[in-house]
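I have a structure here, written as structure tokens, and I will follow up with some questions on it.
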Amino acid sequence: KAGVTQTPRYLIKTRGQQVTLSCSPISGHRSVSWYQQTPGQGLQFLFEYFSETQRNKGNFPGRFSGRQFSNSRSEMNVSTLELGDSALYLCASSLNRVSGNTIYFGEGSWLTVV
Amino acid sequence: TQLLEQSPQFLSIQEGENLTVYCNSSSVFSSLQWYRQEPGEGPVLLVTVVTGGEVKKLKRLTFQFGDARKDSSLHITAAQTGDTGLYLCAGAVGGTSYGKLTFGQGTILTVHP
């Protein structure tokens, strides 16, 4: 069973540009969430999508956005990139169980903003 | 806002020693997950604990969820160099927040031969 797949794995962008990251969840998983990981702040929740609707949102500025498609694949977009946006962006998927919902992570997309 | 305090932040031990990592919160979680992460990779799930007081064993790793579901611990017996990595605890509140995890700051474990 294929795991969570994220593309691209590595990318370098210039300040002010925008970036789109893609995530394919585990087959059958309808919940997709995104996290940002930095050395200083650790892993922080960005947002979660379920059935193409954003269900939860973390404490990030509006420059961070996302969407989910009917096949559960998801994308996140960061506009007007800042140096501080350099991070590992992780996508995770789950079955959306009421109890003991297990969340699986992809390998992440490394974003460097110069 | 739920917070998870993970300790210690760094742990450097010799092969064969035992160790315990703690994860504490003032909030109740519906479940708690432990992950291990290698540099440059995503977190890999080790275990999910759901019931208060639950104990799960994974070879030399023992995970415990507190009775009140506010704390958890990870105990490693006879550590090996292959156990080196970043260990993360993460709690889920439940309700409509199924995919939202609150993470501890992580414990960087180094096991020396």
Side-chain angles (χ1 to χ4, degrees), chain A residues 3-6 9-10 21 23 25-26 29-51 53-60 66 68 72 74 87-110 112, chain B residues 1-10 21 23 25 27-52 54 56 58 63 65 69 72 85-108:
Chain A
V4 179
T5 305
Q6 291 186 244
R9 278 281 281 147
Y10 305 94
L21 308 178
C23 173
I26 293 172
H29 286 193
R30 294 168 61 195
S31 167
V32 174
S33 47
W34 289 88
Y35 293 80
Q36 182 196 64
Q37 186 175 27
T38 59
Q41 298 298 319
L43 264 148
Q44 292 186 293
F45 173 78
L46 279 159
F47 29 66
E48 181 205 3
Y49 287 87
F50 178 75
S51 291
T53 301
Q54 186 180 88
R55 185 160 63 177
N56 289 287
K57 190 178 190 303
N59 191 25
F60 279 82
Q68 186 180 34
S72 293
S74 177
L88 177 65
Y89 289 89
L90 291 160
C91 172
S93 74
S94 70
L95 279 170
N96 194 52
R97 285 200 176 111
V98 172
S99 176
N101 189 46
T102 299
I103 297 172
Y104 299 91
F105 283 83
E107 293 193 332
S109 292
W110 280 100
T112 301
Chain B
T1 304
Q2 295 80 28
L3 290 173
L4 267 173
E5 298 289 334
Q6 192 172 338
S7 63
Q9 209 172 340
F10 301 95
V21 178
C23 201
S25 175
S27 303
V28 175
F29 292 99
S30 63
S31 66
L32 199 135
Q33 305 185 37
W34 285 90
Y35 294 87
R36 180 169 164 241
Q37 186 177 21
E38 299 283 351
E41 304 292 329
V44 175
L45 179 71
L46 295 173
V47 78
T48 301
V49 285
V50 178
T51 307
E54 182 176 6
K56 280 193 175 179
L58 185 65
F63 304 87
F65 201 13
R69 290 185 289 138
S72 181
L86 172 65
Y87 289 82
L88 295 156
C89 63
V93 173
T96 57
S97 301
Y98 302 128
K100 179 180 179 181
L101 291 175
T102 298
F103 277 86
Q105 284 296 94
T107 296
I108 298 175

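Naming: A, B, ... by sequence-line order, numbering from 1 per chain. Any value given below was found using the heavy atoms of this structure, including those in side chains, with hydrogens, waters and symmetry copies removed.
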Q.
Just so I know, are the side chains of B:Leu45 and A:Tyr104 near enough to count as touching, which here means a heavy-atom distance under 4.5 Å?
A.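 Touching, per the 4.5 Å side-chain cut-off.
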Task: Minimum-distance pair of heavy atoms, taken over all atoms of A:Leu90 and B:Gly42 - done: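 Minimum heavy-atom separation between A:Leu90 and B:Gly42: CD2-CA, 3.7 Å.
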Just checking A:Gln54: does its CD atom have more than 12 heavy atoms from other residues, nucleotides or ligands closer to it than 6.0 angstrom?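 Yes, the 6.0 Å shell around CD holds more than 12 heavy atoms from other groups.
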For A:Ile103 versus B:Tyr35, what's the shortest heavy-atom pair and its separation?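 Taking every non-hydrogen atom into account, O-OH, 2.6 Å.
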Got more than 12 heavy atoms from elsewhere within 6.0 Å of CD, B:Glu38?
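Buried by this count: over 12 neighbours within 6.0 Å.
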Q | Under 4.5 Å from any heavy atom of chain A - which part of B:Leu88 | A |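 Only the side chain of B:Leu88 comes within 4.5 Å of chain A.
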**Study point:** Toward chain B, the part of A:Phe47 with a non-hydrogen atom under 4.5 Å
**Key:**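 Neither; nothing under 4.5 Å.
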Output the distance between atom CG (B:Leu101) and atom CZ (A:Phe105), rounded to the nearest 0.5 Å.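 Output value for this atom pair is 5.5 Å.
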Problem set entry | Region of A:Gln41 that comes under 4.5 Å of a non-hydrogen atom in chain B |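 Looking at A:Gln41, just its backbone touches chain B.
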- Message: With rounding to the nearest 0.5 angstrom, report the CZ to CD distance, A:Arg9 to B:Glu41.
- Response: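 One finds 5.0 Å between CZ of A:Arg9 and CD of B:Glu41.
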What part of B:Gln37 gets closer than 4.5 Å to chain A, counting heavy atoms only: side chain, backbone, both or neither?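 B:Gln37 touches chain A through side-chain heavy atoms alone.
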